[in-house]
Amino acid sequence: MIELPRHVAIVMDGNGRWARRRHLPRAAGHRAGVGATRKIVEVCVERGLCALTLFAFSSENWRRPRTEVSLLMELFVSTLQREVGTLHKNNVRVRFIGGRDTIAANLLHHLEHSEQLTADNSGLQLNIALNYGGHWDIAQAARRLAEKVESGALRAADVSPQLLADEISLAGLPAPDLFIRTGGEQRISNFLLWQLAYSELYFTDKLWPDFDRSDLETAFAWFAGRQRRYGRTGEQVEQKENNV
Ligand code: IPE
Ligand code: IPE
Ligand code: MG
């Protein structure tokens with residue numbers, strides 16, 4: 001048995017190009033992407049992962065044509081409506097990360113409902129990043145610390161990486177061990193900037209709608225071959241492994 005990552009974070013990219021190659025509208029690519037997402041969540045449940053964090057919509061994706069943005073928002077609503085029961089049955093705990101102020105009331109209702117329904121589940125922690133940006137995340141954490149300083153509960157001199165980590169999205173979860181980006185681009189696109197500090201970064205040309213169980217297993221196998229040194233030397237890490 002290979003060592004699995006506890007927490008996987010995925011930038012699900014390539015829906016538009018998948019559709020374009022088939023001479024289909026981009027909407028068809030996004031719909032096909034939902035199918036891929038469902039299967040990947042299933043595999044993560046089966047394999048007993050602790051957490052899966054999916055980039056569904058970035059704070060920059062509002063720059064897309066209005067019709068594509070509304071299509072994506074409708075797709076989030078219909079997918080949540082359809083899938084939340086199965087997720088709940090599979091003991092998945094759903095949580096959304098990202099700013100909520102610009103999310104339409106109807107979608108917000110479904111986000112909150114799925115979070116509440118699954119709040120006590122103890123299986124896979126499924127985090128969906130929607131209207132999420134890494135810059136936003138660090139700024140909101142900094143703002144919360146500033147509020148504590150303002151109220152006198154904290155001294156500025158005591159602000160530390162640990163205190164910021166306590167305020168950032170996904171606090172309390174192990175940081176992502178494995179970051180996957182499909183679609184061939186090798187960039188982070190303002191995803192989990194703070195949380196990815198020591199993640200192993202895996203890029204594949206596969207477009208998201210085509211990314212399946214075997215592709216995920218390939219990424220897991222690649223991950224199992226990494227030596228995670230966290231600043232130490234390879235020899236130190238080997239010694240530690242041999243002592244265990
Ligand atoms: C990712 O696929 C989905 C979202 C950003 C919502 P894209 O829509 O970015 O697909 P490409 O990059 O155009 O192929
Ligand atoms: C990142 O993909 C966001 C999501 C997958 C939701 P993009 O396709 O928007 O990223 P860029 O703009 O090409 O970097
Ligand atoms: Mg893209």
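Not measured: the values here are computed from a predicted model. Every number for a ligand or one of its atoms is a count from 1 in the order of the listing.
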What atoms of ligand 1 come within less than 4.0 Å of a heavy atom belonging to [X]?
{"X": "Arg17", "answer": "11 (P), 12 (O), 14 (O)"}
{"X": "His30", "answer": "3 (C), 8 (O)"}
{"X": "Gly16", "answer": "7 (P), 8 (O), 10 (O), 11 (P), 13 (O), 14 (O)"}

Indicate yes or no: at least one non-hydrogen side-chain atom of Pro5 is less than 4.5 angstrom from one of Glu200. no
Any non-hydrogen side-chain atom of Leu154 less than 4.5 Å from a side-chain atom of Leu163?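 Yes. Closest side-chain heavy atoms under 4.5 Å.
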What is the nearest protein non-hydrogen atom to [atom], stated with its residue, atom name and distance?
{"atom": "atom 2 (O) of ligand 2", "answer": "Arg181 NH2, 3.7 Å"}
{"atom": "atom 5 (C) of ligand 1", "answer": "Arg64 NH2, 3.4 Å"}
{"atom": "atom 7 (P) of ligand 1", "answer": "Asp13 OD1, 3.5 Å"}
{"atom": "atom 3 (C) of ligand 1", "answer": "Asn15 ND2, 3.6 Å"}
{"atom": "atom 13 (O) of ligand 2", "answer": "Arg187 NH2, 2.8 Å"}

Asn61 versus ligand 1: do any nitrogen or oxygen atoms come within less than 3.5 Å of each other?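 N/O-N/O distance under 3.5 Å: no.
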Indicate, as side chain, backbone, both or neither, the part of [X] found under 4.0 angstrom from ligand 2 when only non-hydrogen atoms are considered.
{"X": "Met12", "value": "backbone"}
{"X": "Ala56", "value": "backbone"}
{"X": "Phe57", "value": "backbone"}

Within 45 degrees of the ring normal and closer than 6.0 Å to the centroid, is that where the cationic atom of Arg226 sits relative to Trp222?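 Geometry flag: set, cation within 6.0 Å and 45°.
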Is the closest N or O pair between Ser189 and ligand 2 shorter than 3.5 Å?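 Yes, there is a polar N/O contact under 3.5 Å.
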Side-chain donor-acceptor contact under 3.5 Å, Asn61 with Ser58: yes
Under 3.5 Å, is there a donor on one side chain and an acceptor on the other for Asn242 and Glu238? no
At less than 4.0 angstrom from any non-hydrogen atom of Val11, what atoms of ligand 2 do you find?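 So the atoms of ligand 2 that pass are 1 (C), 5 (C).
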